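What follows is a set of notes on a single structure, which appears directly below.
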Amino acid sequence: MKACIEKMDEAYREKYYPQGSFFEKAAKESRRGNMILAVMSGVVSAALTALILWMVSLVRYHSGQGNEESVKVGLIFMAVVGAVLALCLFGLVIAIRHIRDGAADVLKKAAKSSGLTQDELREFDRQALQSDSFVLHLAGKVSAAMSGQKDGLLTRDYIWLGDTRSIVLKRQDIVGASLYHWYYYVNKKRVRSLNLALLNKNDVMATAEVKEEAGRELMDLLARENPAVQLHQGILEEGKEFDAWREEHSKAKG
């Protein structure tokens, strides 16, 4: 069974970070994702445009026949399809705009999400693949694949939980850590997942889906090395309970 926290080694670096940089890999994945989004949005947009053109001809035909009820239904349907087409075109524009983003662009976005300077994130990048760093296997393979979550990284001074926004926290700035239940729906069925939340003194929060043993192991490690980290021993429920926990730490730091 794979350990939740493993030492970084050469085999892992070569397999997952052949470019030798966290942000170079993130940029490559971003480009691939935007290319897929652009193709899918383009195909769907073309199909929806063809559908609208067909509906226009159909509405004209029924209008000529004096069938007002069919015309109204057709116009409503066209409006709905037009709204979906607008969303697809928006996605296409966004994908094309970011399809050439490089490591510097990804780093800039990560700095904004993390509340850190770009120099601090360059230092995280420098530390990430060194032999004293750790790889965090927080979620099961299926859960991680469904959410797009990656293996996290724990360096001497920083932590990244594997989220898609690349939120990186300074370990010394973390003030609270807790497990919490998060709910979502799959085919109208309510599904519960277990997540880890790390909150820093600037109210920046990093979250990731975890197996309970992995979450608690990481929480204990962080608290042992930084007494400022306050661990919530139970499991919070999303909503008021989780918000109250976050607000409590925000007031404490204030």
Side-chain angles (χ1 to χ4, degrees), residues 1-8 12 22 110 113-116 120-121 123-124 127-128 130-184 191-254:
M1 181 178 176
K2 183 182 288 187
C4 301
I5 302 176
E6 288 188 318
K7 288 280 288 184
M8 174 67 69
Y12 190 91
F22 171 87
S113 299
S114 306
L116 299 176
E120 287 173 321
L121 285 186
E123 176 61 19
F124 161 73
Q127 294 182 15
Q130 294 183 2
S131 57
D132 61 348
S133 294
F134 292 87
V135 179
L136 306 177
H137 307 290
L138 299 177
K141 287 185 177 180
V142 176
S143 298
M146 289 179 64
S147 64
Q149 184 174 311
K150 310 295 182 182
D151 288 340
L153 294 171
L154 180 70
T155 78
R156 182 173 62 254
D157 300 313
Y158 300 89
I159 184 169
W160 170 61
L161 295 181
D163 68 287
T164 56
R165 295 177 61 201
S166 300
I167 296 178
V168 177
L169 300 181
K170 265 188 171 181
R171 291 175 61 174
Q172 68 180 23
D173 292 343
I174 299 173
V175 294
S178 177
L179 297 175
Y180 71 99
H181 285 137
W182 180 69
Y183 296 87
Y184 58 98
V191 179
R192 184 177 73 177
S193 71
L194 182 64
N195 284 33
L196 168 67
L198 300 179
L199 185 67
N200 75 5
K201 63 183 182 181
N202 298 315
D203 201 33
V204 176
M205 186 169 65
T207 65
E209 187 170 348
V210 295
K211 296 175 290 187
E212 184 170 353
E213 63 272 23
R216 293 199 182 281
E217 181 179 350
L218 179 57
M219 288 167 63
D220 289 341
L221 184 154
L222 294 172
R224 283 198 306 270
E225 298 186 2
N226 181 5
V229 179
Q230 297 181 35
L231 304 183
H232 182 84
Q233 297 302 327
I235 299 178
L236 297 166
E237 295 295 314
E238 70 164 337
K240 292 182 179 180
E241 189 176 26
F242 181 76
D243 293 343
W245 171 80
R246 183 171 184 174
E247 185 178 356
E248 176 185 350
H249 284 285
S250 297
K251 288 180 178 178
K253 74 180 180 60

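All figures in this text were calculated on a predicted structure; none of them were measured in a lab.
Residues meeting the ring pair (Phe, Tyr, Trp, His ring centres under 6.0 Å) test with Tyr183, sequence neighbours left out: none. With sequence neighbours excluded, the residues that form a side-chain contact (heavy atoms from CB on, under 4.5 Å) with Ser193 are Trp182, Tyr184, Asn195, Glu209. Partners of Ala110 under the side-chain contact (heavy atoms from CB on, under 4.5 Å) rule, at least two apart in sequence or in another chain, are Phe23, Leu121, Ser166. In this view, Gln233 satisfies the side-chain hydrogen bond (donor to acceptor under 3.5 Å, both in side chains) rule with no residue, not counting sequence neighbours. When the side-chain hydrogen bond (donor to acceptor under 3.5 Å, both in side chains) test is applied to Gln127, the partners found at least two apart in sequence or on another chain are Glu123, Thr155, Asp157. Taking Asp163 as the reference, nothing meets the salt bridge (Lys or Arg N to Asp or Glu O under 4.0 Å) condition, with sequence neighbours excluded. The side-chain hydrogen bond (donor to acceptor under 3.5 Å, both in side chains) test applied to Glu120 returns Thr117, Lys170, not counting sequence neighbours. Take Trp245 and apply the side-chain hydrogen bond (donor to acceptor under 3.5 Å, both in side chains) test, not counting sequence neighbours, and it matches His249.
Within the structure, salt bridge (charged side-chain N to carboxylate O under 4.0 Å, His left out) pairs that include any residue of residues 225-245 comprise Arg171-Glu225 (at least two apart or interchain).
Here the side chain of Asn202 pairs no donor or acceptor atom with the backbone of Val204 at under 3.5 angstrom.
With respect to Lys7 and Asp132, no salt bridge is recorded, no charged nitrogen being found less than 4.0 Å from a carboxylate O.
Summarising the local packing, CZ of Arg156 is surrounded by more than 12 heavy atoms from other residues, nucleotides or ligands at distances under 6.0 Å.
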